[in-house]
Amino acid sequence: MAGSSTGALALRNVAQKSIPFSSSMVETKQRVLSLHRDFLRCVPWIKRSYKVPMSEEKMRTLLTAAFKEKAAENDIHQINRLVVKGRMELEETMMMWKGDSHVISWLEEADAKRTAAMKSKKNEFLDKFFNGL
Amino acid sequence: MKGARILKRASRRLSSSLTVDKATRAVAPIGADGLAVLPHSLPVLNGAKLPAVREGAQMIEVTVDGHAIQIESGSSILQAIESVGINVPRFCFHERLSVAGNCRMCLVEIEKSPKPVASCAMPTMPGMKIFTNSPMVKKAREGVMEFLLANHPLDCPICDQGGECDLQDQAMLFGSDRSRYYEVKRAVEDKNLGPLVKTVMTRCIHCTRCVRFSQEVAGVNMLGTVGRGNAMEIGTYVGMALNSEMSGNVVDLCPVGALTSKPNAFTARAWEYRSTSSIDVLDGCCPSIKVDNRGGEVMRVQPRTNEDVNEEWISDKTRYAVDGLKRQRLDVPLLRGADGLLAPVDWKTALQILADKLRALRGDQIGAFAGPLVEVEALVALKDLFNSLGSTATFPPTALSADLRASYTLNSTIAGIELCDALLLVGTNPRTEAPLLNTRIRKMVRHYDLPVGLVGSAVDLTYEYSHLGTTAAALSSLLTPSSPFASVLSAAKNPAIVVGTAALLREDGGAIASLVRQVAKASGAKGFSVLHAAAAAVGALDVGFVPGPSAAAPSRLKLAYLLGHDDLPAASLPEDAFVVYQGHHGGAGAQMADLVLPGAAYTEKSATYVNTEGRVQRTAKAVDPPGAAREDWKIVVGLALLAGKPLPYESLGALRERMASLAPFLAAADGEAVAPSSAEIAAAALGAPSAGQPSDAPLGVALSNFYMSDPVSKASPTMAKCVQAFGTRA
């Protein structure tokens with residue numbers, strides 16, 4: 001997996017990281033989606049390289065959940081900051097600058113957070129019922 | 001070479017009798033041998049079941065369009081042609097009616113026959129060579145079509161049959177492309193056949209399907225033909241309405257727009273409907289239907305063919321009560337205020353109030369009552385909720401023992417009634433409680449002289465029966481061998497006994513049941529069958545929606561939950577009881593309720609029902625529930641969440657798994673088969689101990705009004721008109 005596609009991805013990551021700021025929301029949206037896709041693409045590689053004891057599907061879900069957590073953010077400066085930080089995280093991961101435990105514990109914590117959120121969301125059925133869905 | 005010469009000679013003989021003009025010749029390509037060029041292979045039956053060959057039937061070989069086929073001896077030519085998937089146009093012929101042979105549309109050519117023959121009425125002979133696509137056949141069909149259209153009005157644009165008219169379709173397929181007719185068309189006065197069937201008799205092509213249906217299937221000799229030739233008319237003999245509970249079927253049978261549906265006149269066109277295959281729940285048989293809707297509104301209901309239940313008929317209630325789905329609907333939760341009037345509240349408030357009440361009350365202070373149209377899903381959810389609240393006071397629509405399935409279902413099955421050779425009806429009027437079962441019985445009486453005996457009120461059935469008495473004493477007399485019908489029963493190889501719920505739900509129902517068991521034993525019957533008039537009855541008993549031994553009596557309840565139950569007398573509950581009504585129509589139940597929760601009707605949800613013979617079937621959602629109404633199981637699950645007793649399922653799939661764990665046969669709700677009760681279980685059901693002496697009160701019938709027996713039909717204006725025209729049929 002760490003072949004040409006991973007190399008191309010790493011190059012793009014560096015290039016993208018060097019864009020400090022995109023002034024329009026349209027452009028920023030593209031960058032966010034691109035970052036999201038790059039994370040998802042790396043999932044099989046991350047799983048293998050860091051020996052993550054989780055299914056790829058689960059990892060993708062957790063990564064997507066991390067993005068969705070910030071979905072309400074509408075300050076363009078904040079979004080730009082987050083995108084750059086995300087790119088940094090991705091670079092650190094892909095360059096093997098992290099250890100196994102860093103990656104695994106991040107994922108496990110995200111999973112625990114998600115499970116807790118699901119449990120507290122007990123009234124999902126009732127919400128749907130009251131709204132006629 | 002010699003064969004080819006013979007063929008050529010034969011074809012010359014065939015075609016010499018009719019002059020085939022050039023135009024026709026061009027339509028059917030004629031090969032070098034002078035014969036029509038035939039398709040190389042026969043059409044394959046598209047997944048249709050081939051009719052099973054009867055045991056011991058003699059097979060003969062005939063040739064259809066050059067292909068040799070095997071067919072049962074005695075079959076008509078039409079059957080032979082249909083058996084290989086070739087379609088023959090027809091108007092008068094119908095599989096379930098006697099053969100009339102008067103429309104002449106099914107003409108085919110037979111080798112060595114000088115004239116084309118009506119294939120529906122002519123039996124096959126060994127070695128017969130049949131041609132369905134020859135120039136002679138084409139010309140004959142075109143000629144027949146021309147005669148039919150000579151007197152048929154050209155009012156297709158304003159005809160309700162337009163778009164689904166056999167005459168229209170066949171004129172397009174087989175007719176000529178122009179008319180040679182300049183004379184004035186005949187006109188016929190319209191007849192008044194009552195509130196259901198609209199007539200435009202000028203359109204009639206005299207196929208007599210309606211006449212044969214009313215005489216043979218419906219069993220009312222009301223339609224007939226008057227006059228001959230051009231003056232022939234179809235009508236009732238003395239200007240009466242078509243007084244039958246099955247009359248709506250003549251609308252389906254009519255191949256043209258002469259008989260159309262009166263309630264649906266000028267409302268929608270055939271191509272505007274969206275159809276949903278579903279089942280009907282207004283009687284205990286649950287016939288298969290097609291629900292046609294347009295713009296979120298159920299417009300009409302038509303039967304679907306289901307050999308096991310309804311063949312291809314449905315009763316007038318099934319067909320025409322659906323306009324009740326648009327009237328008196330509960331579409332918002334209602335709460336009785338301090339002024340004693342019901343006022344709208346939102347769902348949150350309604351469920352919270354009810355949940356608080358349930359939390360405050362003890363298990364022995366609450367009870368649930370299920371009505372006749374409730375599906376198994378809602379029953380299971382409500383039973384689980386009440387059980388988790390510590391109450392076993394769950395009362396089913398028909399309070400029978402749920403211990404043995406064989407003791408509360410129609411064990412003979414609906415189609416199986418055709419296998420019995422003697423029939424005893426006890427305390428039932430199958431004509432109103434199960435019209436489709438009644439047509440089966442009539443078929444057996446008509447064709448095989450099935451002896452039928454009836455104990456109970458002497459109702460007007462559509463066949464002859466021996467009335468044995470009105471009270472349970474008549475049942476006891478059947479135990480003495482001297483009684484004539486007892487000897488009929490014991491002489492029969494496969495007698496059937498059908499008991500109505502009216503007999504079993506009386507005070508002395510247990511005693512009557514044990515008398516029936518004794519009669520069954522004495523006559524050698526394997527068991528007895530119970531005929532339910534309510535679609536929810538068997539489902540409720542199957543999932544154990546019955547009061548437990550410690551259940552509180554209704555008179556001691558502080559909270560009564562009426563799940564579509566409208567017949568609970570207010571006096572049976574204490575004055576201060578909090579009454580909740582969950583259902584789709586504002587009837588008597590909603591009137592007495594303090595809190596009303598709007599549910600969905602059977603066309604608005606996918607719901608499981610078990611019919612009287614134990615067949616598990618599912619309705620399909622055709623339209624959305626009106627306003628804020630919700631599917632019934634969701635209301636119960638939501639209530640359970642708020643009451644702090646969450647149920648272990650929040651989706652329909654999970655709920656159905658729970659149903660299947662209660663009764664495994666509920667898992668496959670395809671209606672394909674009925675789980676038969678074993679001989680041992682049937683015997684065990686017969687062996688129950690006898691209970692007391694029956695009273696002298698005459699046995700009644702389950703329905704006091706055929707046309708208005710449930711919330712939907714009670715709200716239907718068409719059913720009200722039927723009561724006016726035909727009475728209650730009680």
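Convention: sequence-line order gives letters A, B, ...; per-chain numbering from 1.
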Practice task
Classify the ring geometry between B:Trp633 and A:Phe125 as parallel (under 30°), tilted (30 to 60°) or perpendicular (over 60°).
Solution key: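 If you compare the ring of B:Trp633 with that of A:Phe125, the planes turn out tilted.
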
Handout entry: Heavy atoms of other groups near A:Lys85 NZ, more than 12 under 6.0 Å
Key = no

Practice task
Tell me, yes or no, whether the heavy-atom count around B:Lys357 atom NZ, taken from other residues, nucleotides or ligands under 6.0 Å, exceeds 12.
Solution key: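 Open.
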
Exercise for the section: Output the residues of residues 616-629 of chain B for which the shortest heavy-atom distance to chain A is under 4.5 Å, in residue-number order; output 'none' if no such residue exists. Expected result: none

Which atom pairs, donor and acceptor, lie under 3.5 Å between side-chain atoms of residues 349-356 of chain B and protein residues at least two apart or in another chain?
residue  : atom : partner  : partner atom : Å
B:Thr349 : OG1  : B:Asp346 : OD1          : 2.1
B:Gln352 : NE2  : B:Asp356 : OD1          : 3.3

Problem - Nearest-0.5 Å distance that lies between atom CG in A:Asp127 and atom NZ in B:Lys348 - result: 7.0 Å

Exercise for the section: Measure across B:Arg630 and A:Phe130 and return the closest heavy-atom pair with its distance rounded to 0.1 Å. Expected result: NH2-O, 3.3 Å

